[in-house]
J.: 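Encoded as structure tokens, here's the structure I'll be asking about.
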Amino acid sequence: QVQLVESGGGLVQAGGSLRLSCSASGRTFSRYAMGWFRQAPGKEREFVASISRNAGNTYYTDSVKGRFTISRDNVKNTVYLQMNSLKPEDTAVYYCAAKETYSPQMIYTRTAGYDDWGQGTQVTVSS
């Protein structure tokens, strides 16, 4: 099991930027594919972005492509989500998640595919 702590959320105007961080501890971080999800009030948790163990593969939901960038630092045990050109519809609690995998290239997009979750960080985009 890996422990995950998100940070970097906040209130930003539409068009602004935020960078979320997720710090991992407890297990070897490089053994995990990582993902970002979000959940808006009254809605189900949805996939945002994922990155493979070796950072060679990334994948994004269509609504954030070209605006968000997922990255990781396996020395700092941290995964990041750079969010640019934010829109009010990006408002949600953002969660990072970890999936232990033998494959260095695999990415995962389903909520059920992840083993460990952080507590979430609120992102609010005002219009």
Side-chain angles (χ1 to χ4, degrees):
Q1 185 177 5
V2 63
Q3 290 75 48
L4 304 172
V5 179
E6 301 97 335
S7 61
L11 173 64
V12 64
Q13 289 188 332
S17 298
L18 284 173
R19 188 175 82 153
L20 305 183
S21 300
C22 173
S23 179
S25 62
R27 296 288 298 271
T28 304
F29 181 66
S30 60
R31 295 172 60 174
Y32 290 82
M34 300 298 295
W36 285 98
F37 291 75
R38 65 187 180 187
Q39 188 167 17
K43 295 187 177 181
E44 292 187 354
R45 192 170 298 188
E46 65 172 359
F47 168 78
V48 176
S50 63
I51 188 166
S52 60
R53 282 176 47 183
N54 65 0
N57 283 335
T58 58
Y59 189 77
Y60 302 89
T61 193
D62 286 346
S63 62
V64 308
K65 285 180 180 176
R67 300 189 298 123
F68 290 11
T69 302
I70 188 171
S71 62
R72 66 188 295 161
D73 185 331
N74 284 350
V75 174
K76 295 183 178 179
N77 294 346
T78 302
V79 62
Y80 304 97
L81 186 67
Q82 177 67 45
M83 305 186 296
N84 299 328
S85 302
L86 282 161
K87 304 175 180 180
E89 51 263 44
D90 295 317
T91 295
V93 177
Y94 283 70
Y95 298 89
C96 72
K99 166 66 177 177
E100 189 171 14
T101 175
Y102 289 107
S103 170
Q105 301 281 4
M106 281 292 292
I107 54 174
Y108 302 86
T109 62
R110 300 184 64 182
T111 306
Y114 285 84
D115 304 311
D116 301 299
W117 294 82
Q119 83 290 347
T121 186
Q122 176 70 47
V123 171
T124 303
V125 184
S126 62
S127 58

J.: May I ask you to decide if Q105's main-chain N or O and S103's side chain share a donor-acceptor pair within less than 3.5 Å?
T.: yes
J.: Taking only residues two or more places apart in sequence, or in another chain, which ones meet R53 in a side-chain hydrogen bond (donor to acceptor under 3.5 Å, both in side chains)?
T.: none
J.: Show every ring pair (Phe, Tyr, Trp, His ring centres under 6.0 Å) that has at least one partner inside residues 104-127, sequence neighbours left out.
T.: F37-Y114, F37-W117
J.: Provide the full list of disulfide (SG to SG under 2.5 Å) pairs with a residue in residues 30-66, sequence neighbours left out, each pair given once.
T.: none
J.: Provide the closest heavy-atom pair for C96 versus E6 in the form atom of the first, atom of the second, distance.
T.: N-OE2, 2.8 Å
J.: Which residues pass the side chain to side chain contact (heavy atoms under 4.5 Å, CB included) test with K65, not counting sequence neighbours?
T.: Y60, D62
J.: Would you mind listing every salt bridge (charged side-chain N to carboxylate O under 4.0 Å, His left out) that reaches into residues 22-33, with sequence neighbours excluded?
T.: R27-E100, R31-E100
J.: I'd like to know if the side chain of T121 and the backbone of G9 have a donor-acceptor N/O pair within less than 3.5 Å.
T.: yes
J.: If you look only at pairs with a residue in residues 79-102, which of them pass as a ring pair (Phe, Tyr, Trp, His ring centres under 6.0 Å), with sequence neighbours excluded?
T.: none
J.: What is the minimum heavy-atom distance between A98 and M34, and which atoms define it?
T.: CB-SD, 3.6 Å
J.: I'd like to check the side-chain hydrogen bond (donor to acceptor under 3.5 Å, both in side chains) partners of Q3; sequence neighbours left out, ordered by chain and number.
T.: none
J.: Taking only residues two or more places apart in sequence or in another chain, which ones pass side-chain hydrogen bond (donor to acceptor under 3.5 Å, both in side chains) with S71?
T.: none
J.: Provide the full list of salt bridge (charged side-chain N to carboxylate O under 4.0 Å, His left out) pairs with a residue in residues 118-127, sequence neighbours left out, each pair given once.
T.: none
J.: Strictly by salt bridge (charged side-chain N to carboxylate O under 4.0 Å, His left out), give each pair with a member in residues 85-99 just once, sequence neighbours left out.
T.: R38-D90, R67-D90
J.: So which pairs with a foot in residues 107-122 pass salt bridge (charged side-chain N to carboxylate O under 4.0 Å, His left out), sequence neighbours left out?
T.: none
J.: Any donor and acceptor pair, going by atom type alone, linking the side chain of Q13 with main-chain N or O of S126 inside 3.5 Å?
T.: no
J.: Give the table of side-chain donor-acceptor pairs shorter than 3.5 Å for residues 17-26, with sequence neighbours excluded, one pair per line with atom names and distance.
T.:
{"residue": "S17", "atom": "OG", "partner": "N84", "partner atom": "OD1", "Å": "2.9"}

J.: Strictly distance-based, threshold 3.5 Å: is any side-chain N or O of T91 a donor or acceptor partner for the main-chain N or O of V125?
T.: yes
